[in-house]
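Accompanying notes for the structure given below.
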Amino acid sequence: MKNINGYKPDKIEKKWQDKWVESKIYEVDLKSAKKPFYNLMMFPYPSAEGLHVGNMYAQTGVDIYGRFMRMNEFDVFEPVGLDGFGIHAENFALKIGENPMEYSKITEKNFYKQMHAIGLATDWSKTIETYKPEYYKWTQWLFVELFKKGLAYRKSQLVNYCPSCKTVLADEQVIEAKCERCGADVTKKQLEQWFLHITKYSDKLLNNIENLNWSDKVKTAQKQWIGKSKGLEIVFKVENSTFEIPVWTKYWETIHGVIFLVVAPEYYTKIKDLVPNSIQKDVSNYVNQSLIKTTVERSTEDKDKSGIFTGIYAVNPVNKNKIPVWIADYVMMDVGTGAVMGVPAHDARDFDFAIKYELPIIQVVKYEDEAINRKIENRETSFEGKGILINSGEFTGRQSIGKDKEIMAEVLIKSGIARWQVAYHLRDWLISRQRYWGCPIPMIFCENCKNEAKSWFSENNIVANWDASGWYPEDSLPVVLPYIKNYKPLGTGKSPLSLNKEFVEARCPNCGAVARRETDVSDTFLDSSWYFFRYPSLTEEKYLLNIDITKKWLPVNMYIGGAEHSVLHLLYSRFITMFLHDQKVIEFEEPFTRFYAHGLLIKDGRKMSKSKGNVVIPDEYIKKFGADTLRIYLMFIGPYNQGGDFRDTGIEGMHRFVKRVWTLLTTKVNVSTLTSNTDKSFMYGSINGVTKDLTDLKFNTAIAKIMMFYNHFSSKDGISLEVAEVLLLMLAPFTPHLSEELWQLLHPNQLSFSSIHSQSWPKVQKTFLSEEKIDIAIQVNNKFRDIISIENNMRNNEKEIQKVALAQEKIIKFIGDESIEKVIYIPGKAMNFVTKKSS
RNA sequence: GCCGGGGUGGCGGAAUGGUAUACGCGGUAGUCUCAAAAACUACUGAUUAUAAUGAUCAUAGGGGUUCGAAUCCCCUCCCCGGCACCA
């Protein structure tokens, strides 16, 4: 075969991309597929400048795995889509002064253009954009279903608020007390908002984790986020009052050491009437100052704790001591009961507080280390750890942990002052957003029906913890997001949609009167919490998903995405799946059989970001080197789950390899067949290794093995068609265009188009896997000294190997005149002679 | 502070109890060329110098298990990620 010009990726890549779409080789028949394999990439939320190379990195890995599975005769369904609704897209539109609704069209166009350019084996007839009414109709439907089952509710609560994005946020979107999207300090506000009752599934979400084929890292992150812990709720009675202050604690063994109680500033409204008039002004001043602090200000961990005495006294239920009640902003209202028992001897925060306000300290656990005991006595430190209880009434002398601690809990419970209380870190999912670019929450408020419409709810089978206070679900969906000019967030606690009269005014589904529409939109994470159900069911018009198709294709077999969604998206998706399961729509509780977190691609040792100016745009590299080179380079950088550092010299090296393959296969292929057994065993060994690596998503080592395969055969005068085919088939998932072009050149005059991507993955012939000759490393006193080559069928003949080894010059030299004390043989690998000086 | 993942040449990284440094980048020398680029070939962990099919030392540091440890165990240090005034 002649060298048909040089390697011109720009010529061949577009050609094959079009041909693949035209011949529909990546479209599966969802109904009749025999070996369904749902291979899914977390769909991105790109900004309008398009995808950066990190997105390509993620997507390419998914694609290579999917292509590999397809060649292994699975019916692979690999759809892509665009998560374009939400604050991220809207913030970008705001920045450049465009309307997000108009701008989404440009984003979408760029997105799909780039996705095509990287050469994905995607079913392009099944795409999703979350901001299209035909999609978000079902997001709204899902919300209504949740509402009908009592899992969507409206409640006034202390919520996270981002003053920069001018909207409330879910707990999960607050990272280190800052907004996940913009990084601004988050504050707390008491607001009435829509919540989804994810905590109903706390235990199921926690217990199912054990059996998921996910990485420990993600599993641990979810466990910690759900944060289940068992403790006691202990009731403290307020002196001269019927009021009670319950506290929650895991350290009830220190109850005799409680010197004071501390409650959160938000607690003030509950105890206001108990505060003596003389100090009420000072107390309320302190409370007001605390409430305007951001969460960061309140939670920065420093020694300087502030607080104020309320004038109230409570009674320690075990020893009847009179203890003061303080308000301090180191106590959080949304943790435990919002009230804490102050044990300064055994809690660092309480200790700091007691020192600052000169409160007494009583040690109730005595430690083995006398130095620590002395320090506690001298008010120098607090300490937590196991020891013997002291100053603890009937419990004095008992252990502070273990069985004694359990007994103590039982006693406290029996005496009626405490009860077991399991606490979770997980909160209900706050989904209201006071923004424009999101899915409208499909609810209507009717003043007319307020408190009168319980019958409507029961007729419509709406159960729930719902009191028919005037909120009704829309009766026809979708509620279309209108185009509005002034879409900027208002910062008034309302969405800009609230200024749009046409949108706000609605008919009450119950009485037909003029009613008010909900103007908040929902969190983007609601859009993405169920999209994987929709891809295979896109043609279903009557329901969110098609039951038969879903049965066949879900749960998702392989889900690949960024680890940054360990708690957000993955937890929400699990919740929605559990909900659908409980509605008897689906039979499984978990959406993703396997989740694989790819690593982060960095540049010059740092995370890519616009502010650092080190964002790599893939387009220019595709233009310069072609998509195939970029793909195979990205996968070669390092282990897929660890990410890597993108370097220009690296991609040039991979381009050289791709060009070498091109040259070899366009000039040196002949019709000879492989005769040498060494060559055969090398070939099948390579296939075997690459197959294993691809199965485990070890793309970097798979590529290294393909390179060795090339190096082995390219040094010959010419290569046989058989070898050329194996090389191309192994390369096909990595460099789909190049492989297709060369495959077609090697197979001219075909009656109809037969793509390399429809071929089977090369099979290993096991008889050739074990080489005729194997190498055994020979060690003398653990040091590698020589290597001997023996017939493979001799591998278990230890005596013979020993004989050969001891005949080697080097071995004789190193053993010298010492006597052999021990011989260790590891079959097929190594032999070690341990010697002893002969005296 | 607690939990999870790491630390291997000049660089990205191979190797999961048995030949450390595969594969690639970078570097050095050469071939080709008027020259350069490209391409190709050889060498490339460090030390040593009796210049070789040699020796010694190297997988963050220290200790242990083992005939044998980058790999398993214990302690220390450092980096990345998650959670966190959780009471």
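Every chain is numbered from 1 and lettered A, B, ... according to where its sequence line falls, protein lines coming before strand lines. Quantities reported herein were computed from a predicted structural model and do not represent experimental measurements.
For A/Phe260 and A/Phe353, the distance between ring centers is under 6.0 angstrom. Between A/Trp225 and A/Trp429, the ring centre distance reaches or exceeds 6.0 Å.
Remark: A/His425 is in phosphate contact with B/rA84, judged by side-chain N or O atoms under 4.0 Å from OP1 or OP2. Taking 4.0 angstrom as the limit, A/Asn700 places none of its side-chain polar atoms (N or O) nearer than this to OP1 or OP2 of B/rC23. Under 4.0 angstrom from either OP1 or OP2 of B/rC57 there lies at least one side-chain N or O belonging to A/Lys783. Residue A/Lys217 has no polar side-chain atom (N or O) positioned under 4.0 Å from OP1 or OP2 of B/rG81.
Just one of A/Ile787, A/Ile811, A/Asn832 meets the side chain to side chain contact (heavy atoms under 4.5 Å, CB included) condition when paired with A/Ile778; it is A/Ile811. Each of A/Phe646, A/Tyr640, A/Phe699 was checked for a ring pair (Phe, Tyr, Trp, His ring centres under 6.0 Å) with A/Tyr57, and the lone residue meeting it is A/Tyr640. For the side-chain hydrogen bond (donor to acceptor under 3.5 Å, both in side chains) criterion with A/Asn160, the lone passing option out of A/Lys188, A/Glu172, A/Gln173 is A/Lys188.
When distances are taken from the side chain of A/Arg785 to each of B/rA14, B/rU56, B/rG12, the shortest belongs to B/rU56. Ranking B/rG18, B/rA87, B/rA15 by closeness to the A/Trp248 side chain, first place goes to B/rA87. Distance from the side chain of A/Val340 is smallest for B/rA87 among the nucleotides B/rG18, B/rA87, B/rC25. In this structure, of B/rG18, B/rC57, B/rA22, it is B/rA22 that holds the atom nearest to the side chain of A/Met708. Checking B/rA20, B/rA14, B/rG12 against the side-chain heavy atoms of A/Ile637 singles out B/rG12 as nearest. The listed nucleotides are B/rG18, B/rA39, B/rC11; the one nearest the side chain of A/Lys659 is B/rA39. With B/rA87, B/rA22, B/rU19 as the candidates, the nucleotide lying closest to the side chain of A/Ala777 is B/rU19. The side chain of A/Ala830 approaches B/rG18 more closely than any other nucleotide in the set B/rG18, B/rC86, B/rC83. Out of B/rA87, B/rA84, B/rC23, the shortest distance to the side chain of A/Trp225 is found at B/rA84. The side chain of A/Ile787 sits closest to B/rU19 out of B/rU19, B/rG12, B/rC85.
Put simply, CG on A/Leu571 and CG on A/Leu426 are 6.0 Å apart, with the number rounded to the nearest 0.5 Å.
Looking only at atom types and distance, the side chain of A/Tyr330 has no donor-acceptor partner in the side chain of A/Asp352 under 3.5 Å away. A donor and an acceptor atom, one from each side chain of A/Tyr251 and A/Asp347, are nowhere located under 3.5 Å apart. Between A/Tyr286 and A/Ser306, the side chains place a donor N or O and an acceptor N or O closer than 3.5 Å (distance only, hydrogens not considered). Side-chain contact, A/Thr254 with A/His346: no donor N or O sits under 3.5 Å from an acceptor N or O.
Atom CD1 in A/Ile209 sits about 13 Å away from atom C1' in B/rG82, given to the nearest Å. Between the CH2 atom of A/Trp214 and the C1' atom of B/rG82 there is a distance of 15 Å, rounded to whole Å. Following rounding to the nearest Å, A/Ile824 (CD1) and B/rC67 (P) show an atom-to-atom distance of 7 Å.
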>> Output one letter per nucleotide in nucleotides 42-51 of chain B: B when a protein non-hydrogen atom lies under 4.0 Å from the base, S when only the sugar-phosphate is that close, - when neither is.
In response: ----------
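At a threshold of 4.0 angstrom between heavy atoms, the contacts of A/Lys250 are confined to the sugar-phosphate backbone, with no base atom among them. Residue A/Lys705 is classed as having no contact, given no heavy-atom separation below 4.0 Å to the nucleic acid. If you check every strand for non-hydrogen atoms under 4.0 Å, A/Val331 touches a base. Contact annotation for A/Ile826: base contact, defined as any heavy-atom pair under 4.0 Å involving a base atom. At the heavy-atom level, A/Asp786 lies nowhere under 4.0 Å from the strands shown. In this structure, A/Phe833 reaches neither bases nor backbone, as no heavy-atom distance under 4.0 Å exists between it and the strands shown.
By the 4.5 Å heavy-atom criterion applied to side chains, A/His655 and A/Tyr621 are not counted as neighbours. At least one side-chain heavy atom of A/Ile64 sits less than 4.5 Å from a side-chain heavy atom of A/Arg631.
In the region residues 649-657 of chain A, proximity to RNA chain B at under 4.0 angstrom, judged on heavy atoms, holds for A/Thr649, A/Gly653, A/Arg656.
For the strand RNA chain B, secondary-structure stems (runs of at least three Watson-Crick or G-U pairs, all distances below 3.5 Å) span B:1-7 with B:77-83, B:10-12 with B:23-25, B:26-31 with B:39-44, B:45-48 with B:54-57, B:60-64 with B:72-76.
The aromatic rings of A/Phe309 and A/Trp326 sit tilted, their planes meeting at an angle between 30° and 60°.
For the C1' atoms, the distance linking B/rU8 with B/rC2 amounts to 29 Å, nearest Å.
Scanning atom types as modelled, one donor and one acceptor separated by under 3.5 angstrom connect the side chain of A/Lys305 and the base of B/rC85. Between the side chain of A/Gln224 and the base of B/rG82, a donor-acceptor pair under 3.5 Å is found.
Heavy-atom nearest nucleotides on RNA chain B were determined for A/Gly338 and for A/Ile175, and the one closer to the 5' end corresponds to A/Ile175.
Look at B/rG9: its glycosidic torsion is within 90° of 0, and that puts it in the syn range.
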>> I'd like to know whether A/Lys223 forms a salt bridge (Lys or Arg N to Asp or Glu O under 4.0 Å) with A/Glu210, so could you lay out the CA-CA distance, the side-chain angles of the two residues, the decisive distance to 0.1 Å, and finally the verdict.
In response: CA-CA 10 Å; A/Lys223 272 185 212 161; A/Glu210 214 49 58; 3.7 Å; yes
